[in-house]
Amino acid sequence: MEATQTQTQSAAPVTSIAQIGTRDGQEVTIRGWLYNLRESGKLLFPIFRDGTGTIQGVMPKSAVPAETFEGVKHLTQESAVVVTGKVRADKRAPGGYELDVSDVQIVQRVPEDDPFPISLKEHGVDFLMEHRHLWVRTPRQAAILRTRAEIIKAARDFFDDRGFTLTDPPILTPAACEGTTTLFPVDYFDEQAFLTQSGQLYIEATAMALGKVYSFGPTFRAEKSKTRRHLTEFWMVEPEVAYATLDDLMQLAEEFISFIVTRCLERRRADLQTIGRDTSKLENIKPPFPRITYDEAVEILNKGLAEGKLENKFQWGGDFGSPDETYISSQFDRPVMVHRYPAAVKAFYMEPDPKRPELALCVDVLAPEGYGEIIGGSQRMGSYELLLKRIHEHGLPESAFKWYLDLRKYGGVPHSGFGMGIERAVAWICGLEHVRETIPFPRMLHRLYP
RNA sequence: UCCUCAGUAGCUCAAUGGCAGAGCAUCCGGCUGUUAACCGGAGGGUUGUAGGUUCGAGUCCUACCUGAGGAGCCA
């Protein structure tokens with residue numbers, strides 16, 4: 001399995017497969033891997049990939065040296081190769097171009113007695129997850145990862161271009177941010193620490209320093225969730241804005257989501273096609289998004305029950321379950337913003353609605369097509385006294401929140417923010433069945449390898 | 001934590017309680033336009049583990065292990 005040091009002797013310029021259309025008729029070099037090999041008598045059709053795409057090579061036995069032909073004829077899937085050939089437009093080729101191969105240098109040959117495990121046929125989920133480090137090489141997974149990168153870049157561009165400052169919250173924290181979910185404990189020099197479940201409390205502090213801020217980073221939840229929407233380690237982008245109200249926040253959220261979707265349609269359309277996404281469902285993701293109150297959402301559920309489209313009666317005061325969210329979002333053709341939930345089912349730090357104090361000034365954005373909640377946000381509580389009371393009510397240690405309370409003591413202002421789960425956004429935009437495909441190495445209940 | 005389903009060749013799956021099979025992958029052979037190529041041949045098995053019922057168990061029963069889907073919780 002030794003890797004030979006290959007000197008690319010050819011004068012042909014190294015080109016990416018994605019850019020090969022600009023080199024029609026020219027001699028180029030591609031550095032990549034053998035994706036597949038078909039043959040027909042004295043004619044070989046090796047398909048190469050380089051991370052940007054795939055292209056079929058054509059090799060008649062008569063056109064290349066005998067040793068080159070024999071070397072490629074017995075080449076194994078995923079062997080590393082440096083290929084030189086002439087680009088030729090061909091209507092028969094899926095990408096529009098083929099490569100008339102003149103030379104193939106084998107950088108590393110996969111042994112035939114231990115072949116690449118992921119063949120081109122279908123595989124089961126468990127097998128693919130065990131081989132995630134190799135699964136990411138397949139065209140569909142590569143397209144998803146490129147789209148994830150585009151979504152992250154779009155999110156950061158959106159905030160950077162609007163005067164937000166990126167401020168990174170800590171990952172090791174002394175206490176729960178929200179006090180609700182189970183955290184991963186960490187030994188911190190004989191002190192108890194936890195992996196963060198949200199950067200929100202910390203960016204409230206930096207928002208008071210810088211006005212408009214956001215964070216982008218990993219978060220951790222030790223919940224034993226086993227669904228297509230949950231990971232134990234996932235990435236969130238969280239903006240926080242001083243002086244912003246709930247209405248300001250909802251406007252920000254709809255502009256944010258629209259920007260990201262539009263960007264993906266502009267720049268990753270080919271990848272979305274590879275993934276098999278019906279992009280027509282993304283075309284109308286533009287402001288304004290429907291805004292409904294929690295009360296109106298409950299009415300929708302009750303009506304759905306009366307029409308026999310839902311099974312269980314929904315009691316006012318509870319949080320929506322997954323089937324409830326799916327039904328509510330199915331009534332709209334774009335993300336729906338549900339605001340003003342009962343304070344009792346939401347986190348301790350949310351500002352009460354002055355008109356109805358039993359409600360919180362919060363919003364959940366439910367993605368279409370049953371993808372559920374992709375954004376959760378709120379106007380933050382302003383009153384020092386009420387915040388202290390809520391901390392006690394939730395059984396949280398006051399000492400750990402002293403600094404957070406300080407934010408209300410020293411120049412407290414109305415402020416609002418939300419968090420968007422990157423993986424759920426990727427799953428929705430790519431139209432995936434499960435969030436496990438949205439991140440290079442998903443961490444789930446009982447899955448820590450590879 | 002609870003409910004449901006599934007573990008058979010490297011992979012995807014068949015097999016009425018009665019000889020453990022196919023396709024793909026690998027190897028050998030054939031084919032000058034293949035599109036998950038095709039055609040012919042070869043090798044490849046402690047049927048998740050442990051026990052039980054039976055003349056006989058991949059198949060039926062019990063326990064356990066592993067995985068998947070869902071609930072709860074959440075983004």
Exercise. When you check the phosphate oxygens OP1 and OP2 of B:rA71, does a side-chain N or O of A:R228 lie under 4.0 Å from one of them?
Worked result: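 The answer is no; no side-chain N or O of A:R228 sits under 4.0 Å from OP1 or OP2.
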
Exercise. Is there a side-chain polar atom (N or O) of A:H434 under 4.0 Å from OP1 or OP2 of B:rG69?
Worked result: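 The answer is yes; a side-chain N or O of A:H434 sits under 4.0 Å from OP1 or OP2.
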
Quick one: the side chain of [X] and the base of [N], do they pair up donor-acceptor inside 3.5 Å?
{"X": "A:R424", "N": "B:rC74", "value": "yes"}
{"X": "A:E39", "N": "B:rU34", "value": "no"}
{"X": "A:H230", "N": "B:rC74", "value": "yes"}
{"X": "A:S119", "N": "B:rC24", "value": "no"}

Problem set entry | Smallest separation among heavy atoms of A:A207 and A:A242, with atom names |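 So the minimum-distance heavy-atom pair works out to O-CB, 3.9 Å.
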
Mind calculating the distance between [atom1] ([X]) and [atom2] ([N]) to the nearest angstrom?
{"X": "A:D319", "N": "B:rC74", "atom1": "CG", "atom2": "P", "value": "6 Å"}
{"X": "A:L75", "N": "B:rU26", "atom1": "CG", "atom2": "P", "value": "11 Å"}
{"X": "A:I118", "N": "B:rG10", "atom1": "CD1", "atom2": "P", "value": "17 Å"}
{"X": "A:N36", "N": "B:rG33", "atom1": "CG", "atom2": "C1'", "value": "15 Å"}
{"X": "A:R443", "N": "B:rC74", "atom1": "CZ", "atom2": "P", "value": "25 Å"}

Counter-base of [N], judged by Watson-Crick or G-U geometry with both distances under 3.5 Å:
{"N": "B:rC2", "value": "B:rG70"}
{"N": "B:rU8", "value": "none"}
{"N": "B:rU59", "value": "none"}
{"N": "B:rA15", "value": "none"}
{"N": "B:rG40", "value": "B:rC28"}
{"N": "B:rA75", "value": "none"}
{"N": "B:rC64", "value": "B:rG48"}

Measuring only the [atom1] atom in each nucleotide, how far is [N] from [M]? A whole number of Å is fine.
{"N": "B:rC2", "M": "B:rG21", "atom1": "P", "answer": "41 Å"}
{"N": "B:rG58", "M": "B:rG18", "atom1": "P", "answer": "10 Å"}
{"N": "B:rC19", "M": "B:rU12", "atom1": "C1'", "answer": "25 Å"}
{"N": "B:rA9", "M": "B:rA15", "atom1": "C1'", "answer": "14 Å"}
{"N": "B:rC24", "M": "B:rC60", "atom1": "P", "answer": "30 Å"}

For this session: Using the six-membered ring for Trp and the full ring for Phe, Tyr or His, decide whether A:F45 stacks on the six-membered base ring of B:rG33 (centres under 5.5 Å, planes under 30°).
Result: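 The base of B:rG33 is not stacked with A:F45 (the test needs centres under 5.5 Å and planes under 30°).
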
Exercise. With a 4.0 Å cut-off on heavy atoms, is A:G321 in touch with a base, just the backbone sugar-phosphate, or nothing at all?
Worked result: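 Since only primed, P, OP1 and OP2 atoms lie under 4.0 Å of A:G321, the category is sugar-phosphate.
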
Exercise. In this structure, are over 12 heavy atoms from other groups packed under 6.0 Å from A:Q26 atom CD?
Worked result: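 Counting neighbours around CD of A:Q26, more than 12 heavy atoms of other residues, nucleotides or ligands fall under 6.0 Å, so yes.
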
Problem set entry | Heavy-atom neighbours of A:Q192 CD exceed 12 at 6.0 Å |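 Enclosed: over 12 neighbouring heavy atoms sit under 6.0 Å from CD of A:Q192.
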
For this session: Kindly say whether the aromatic ring centers of A:F418 and A:F256 come within a distance under 6.0 Å.
Result: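 Here the rings of A:F256 and A:F418 have centres that are less than 6.0 Å from each other.
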
Exercise. Quick check, are the ring centers of A:Y341 and A:F320 under 6.0 angstrom apart?
Worked result: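 Yes: the rings meet the under 6.0 Å criterion.
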
For this session: Report the residue from A:E296, A:Q251, A:H339, A:E254 that forms a side-chain hydrogen bond (donor to acceptor under 3.5 Å, both in side chains) with A:R291.
Result: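 For A:R291, the side-chain hydrogen bond (donor to acceptor under 3.5 Å, both in side chains) check succeeds only for A:E254.
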
